[in-house]
Amino acid sequence: MKIATILLIAVATTAVQPVKSFAQKAEFPTFSAEAHRGGRGLMPENTISAMLNTLKIDGITTLEMDTHITKDGKVVVTHDDYLSPAFMLTPEAAEIPAADAKKYPVFAMNYVDLKAFDLGTKNYSLFPQQKKFKTYIPLLSTLIDAVQRDIKVNKRKQFFYNIETKCSEAGDGITNPSPEKFVELLISVLENKKILPYVVIQSFDKRTIQIINKKYPKIKTSFLVANKKTYEENIADLGFKPFILSPVLQMVNEELVSKAHADGVKIIPWTANTADEISKLKALRVDGIISDYPDILVQSK
């Protein structure tokens with residue numbers, strides 16, 4: 001009986017430990033000013049350099065980023081399912097031909113091989129202001145370490161992390177693992193780094209945030225949408241009220257914001273890149289904005 005009692009106590013203690021991290025003060029910003037992919041209008045997207053650059057911009061509260069899973073089960077910060085010919089170079093500094101647009105699936109590569117590719121040297125026509133230098137796709141854990149170290153050393157406020165799971169049902173086993181495995185690997189990193197109070201997990205793939213809502217209800221979730229459905233239809237599709245509904249900016253109007261706020265759901269649209277777009281969204285009383293240009297975002301009224 002004594003052994004059984006000890007085991008029960010041990011199990012109970014283990015079960016509550018992850019919740020303790022939420023005892024930290026983690027008040028979500030009144031207005032979440034978010035640097036899309038770390039602020040790719042200014043720096044190579046989803047890189048440590050982009051995130052550290054954004055930390056210096058007064059008024060930005062949140063680092064937005066994308067995650068994929070590699071062949072060897074590493075959580076990496078990158079957007080595309082395949083290494084993009086638009087801005088990636090091979091380890092030999094050669095361009096990736098358009099014909100090879102699907103030659104390098106992230107999910108089929110070990111991290112050591114993925115890291116050898118350069119995503120910061122090639123000129124990217126969509127973002128002519130983007131600084132150019134050799135850099136790589138980082139591990140999520142390494143990126144978090146760099147950000148948290150910078151915050152500590154420079155005595156900055158704690159930033160939030162808006163982390164997207166890049167997966168889909170059509171991509172299961174091809175460009176991503178099962179949603180259950182994706183969530184398991186992602187949460188493991190976030191728990192290990194002790195930043196869960198400062199994290200929002202977002203996705204177009206409702207399955208990942210449904211799993212998180214069920215297994216980790218204290219974690220903030222955001223449902224990304226780009227469709228013609230009503231607010232009610234999107235919430236019904238998801239099956240619960242998320243912390244955030246994150247629509248493409250063209251979906252946002254006064255009615256959407258009003259209905260969401262009545263439900264206690266925040267509206268944080270994407271991707272507003274001009275002062276005019278940002279000002280119009282702010283006038284609608286959105287709860288934040290995701291932008292490729294964090295400098296324009298904080299300057300716009």
Notebook entry, point to check: How far apart are the C-alpha atoms of Thr67 and Val76, what are their side-chain angles, what is the distance that settles it, and do they pass the side-chain contact (heavy atoms from CB on, under 4.5 Å) test?
Noted result: CA-CA 5 Å; Thr67 54; Val76 294; over 6 Å; no
Spell out, yes or no, whether [X] and [Y] are grouped together once hydrophobic residues are joined by side-chain heavy atoms under 4.5 Å, including indirect joins.
| X | Y | answer |
| --- | --- | --- |
| Leu143 | Val189 | yes |
| Phe127 | Ile296 | yes |
| Ile290 | Leu126 | yes |
| Leu119 | Leu89 | no |
| Ile195 | Leu185 | yes |

Could you pull out all donor-acceptor pairs under 3.5 Å where a side-chain atom in residues 32-44 meets a protein atom, sequence neighbours excluded?
from, atom 1, to, atom 2, distance (Å)
Ser32, OG, Glu34, OE2, 2.7
Ser32, OG, Thr62, OG1, 2.8
Glu34, OE1, Asn162, ND2, 2.8
His36, ND1, Asp292, OD1, 2.6
Arg37, NH1, Glu45, OE1, 3.2
Arg37, NH1, Glu45, OE2, 3.1
Arg37, NH2, His79, NE2, 3.0
Arg40, NE, Asp292, OD1, 2.9
Arg40, NH1, Glu45, OE1, 3.4

Next item on the list: Kindly indicate, with the supporting measurements, whether the criterion side-chain hydrogen bond (donor to acceptor under 3.5 Å, both in side chains) is fulfilled by Asp118 and Thr121.
Entry: CA-CA 7 Å; Asp118 173 23; Thr121 301; 2.4 Å; yes
Are [X] and [Y] packed together at the side-chain level, in the sense that at least one heavy-atom pair is separated by less than 4.5 angstrom?
| X | Y | result |
| --- | --- | --- |
| Ile219 | Ile187 | yes |
| Phe160 | Val199 | no |
| Lys229 | Met251 | no |
| Lys259 | Glu232 | yes |
| Val200 | Ile163 | no |
| Glu255 | Tyr231 | no |
| Ile267 | Leu256 | yes |

Distance, nearest 0.5 Å, that separates [atom1] of [X] from [atom2] of [Y]:
| X | Y | atom1 | atom2 | value |
| --- | --- | --- | --- | --- |
| Cys167 | Asp205 | SG | CG | 4.0 Å |
| Ile212 | Gln210 | CD1 | CD | 10.5 Å |
| Leu281 | Ile289 | CG | CD1 | 4.5 Å |
| Asn46 | Asp80 | CG | CG | 9.0 Å |
| Leu249 | Asn273 | CG | CG | 8.5 Å |
| Met65 | Lys166 | CE | NZ | 14.0 Å |

Can you give me every donor-acceptor pair (side chain of residues 98-114, partner residue at least two apart or in another chain, under 3.5 Å) with its distance?
from, atom 1, to, atom 2, distance (Å)
Tyr111, OH, Ile137, O, 2.7
Tyr111, OH, Leu139, N, 3.4

Which atom of [X] lies closest to which atom of [Y], heavy atoms considered:
| X | Y | value |
| --- | --- | --- |
| Pro197 | Ala26 | O-CB, 3.3 Å |
| Gly59 | Val298 | C-CG1, 3.6 Å |
| Ile174 | Ala170 | CD1-O, 3.7 Å |

Checklist line | Selection residues 253-295 - residue pairs positive for ring pair (Phe, Tyr, Trp, His ring centres under 6.0 Å), sequence neighbours left out | finding: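 Output for this query lists Phe204-Trp270.
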Next item on the list: Verify the ring-centre separation between Tyr136 and Phe117: is it less than 6.0 angstrom?
Entry: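 No, they do not, as the ring centres are separated by 6.0 Å or more.
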Item checked: Trace of the side-chain contact (heavy atoms from CB on, under 4.5 Å) decision for Asn176 with Ile69 -> CA-CA 6 Å; Asn176 54 263; Ile69 308 299; over 6 Å; no
Check: Between Phe159 and Lys157, is there a cation-pi geometry (under 6.0 Å to ring centre, at most 45° from the normal)?
Finding: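 Yes, Lys157 lies over the aromatic ring of Phe159.
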Next item on the list: Any side-chain hydrogen bond (donor to acceptor under 3.5 Å, both in side chains) involving residues 142-151? Give me the pairs, sequence neighbours left out, ordered by first then second residue.
Entry: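 Counting only pairs at least two positions apart or across chains, the side-chain hydrogen bond (donor to acceptor under 3.5 Å, both in side chains) contacts touching residues 142-151 are Asp145-Lys193, Gln148-Gln158, Gln148-Tyr161, Asp150-Asn154, Asp150-Arg156.
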Margin query: Looking only at side-chain N and O atoms, does Asp172 offer a donor or acceptor that is under 3.5 Å from a partner on Ser178?
Written below: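 Note: Ser178 and Asp172 side chains miss the donor-acceptor criterion.
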Notebook entry, point to check: Under 3.5 Å, is there a donor-acceptor pair between the side chain of Ser84 and the main chain of Met88?
Noted result: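 Checked: no pair found.
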Note to self: Looking at Ile201, is its backbone amide N or carbonyl O close enough to the side chain of Thr221 to form a donor-acceptor pair, meaning the two atoms are under 3.5 Å apart?
What the structure shows: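 Looks like no, no N/O pair under 3.5 Å.
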Check: Is any side-chain N of the basic residue among Lys74 and Asp72 closer than 4.0 Å to the acidic one's carboxylate O?
Finding: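 Looking at Lys74 and Asp72, the cut-off is not met.
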Check: What's the verdict on side-chain contact (heavy atoms from CB on, under 4.5 Å) for Leu190 and Leu140, showing C-alpha distance, side-chain angles and the deciding distance?
Finding: CA-CA 9 Å; Leu190 300 176; Leu140 176 61; 4.2 Å; yes
Please tabulate, for side-chain N and O atoms in residues 234-248, each donor-acceptor pair with protein atoms closer than 3.5 Å (sequence neighbours left out).
from, atom 1, to, atom 2, distance (Å)
Asn234, OD1, Asn227, ND2, 2.9
Asn234, ND2, Asn227, OD1, 3.2
Asn234, ND2, Thr230, O, 3.4
Asp237, OD1, Lys206, NZ, 2.7
Lys241, NZ, Asp263, OD1, 3.2
Ser246, OG, Ile268, O, 2.6

Check: Would you say Glu254 has more than 12 foreign heavy atoms packed within less than 6.0 Å of its CD?
Finding: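 For Glu254, atom CD is not crowded (no more than 12 foreign heavy atoms under 6.0 Å).
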Item checked: Residues Val183, Tyr216; criterion side-chain contact (heavy atoms from CB on, under 4.5 Å); working and verdict -> CA-CA 10 Å; Val183 169; Tyr216 309 96; 4.1 Å; yes
Notebook entry, point to check: Partners of Glu95 by salt bridge (Lys or Arg N to Asp or Glu O under 4.0 Å), sequence neighbours excluded?
Noted result: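 For Glu95 the salt bridge (Lys or Arg N to Asp or Glu O under 4.0 Å) partners, ignoring immediate neighbours, are Lys122.
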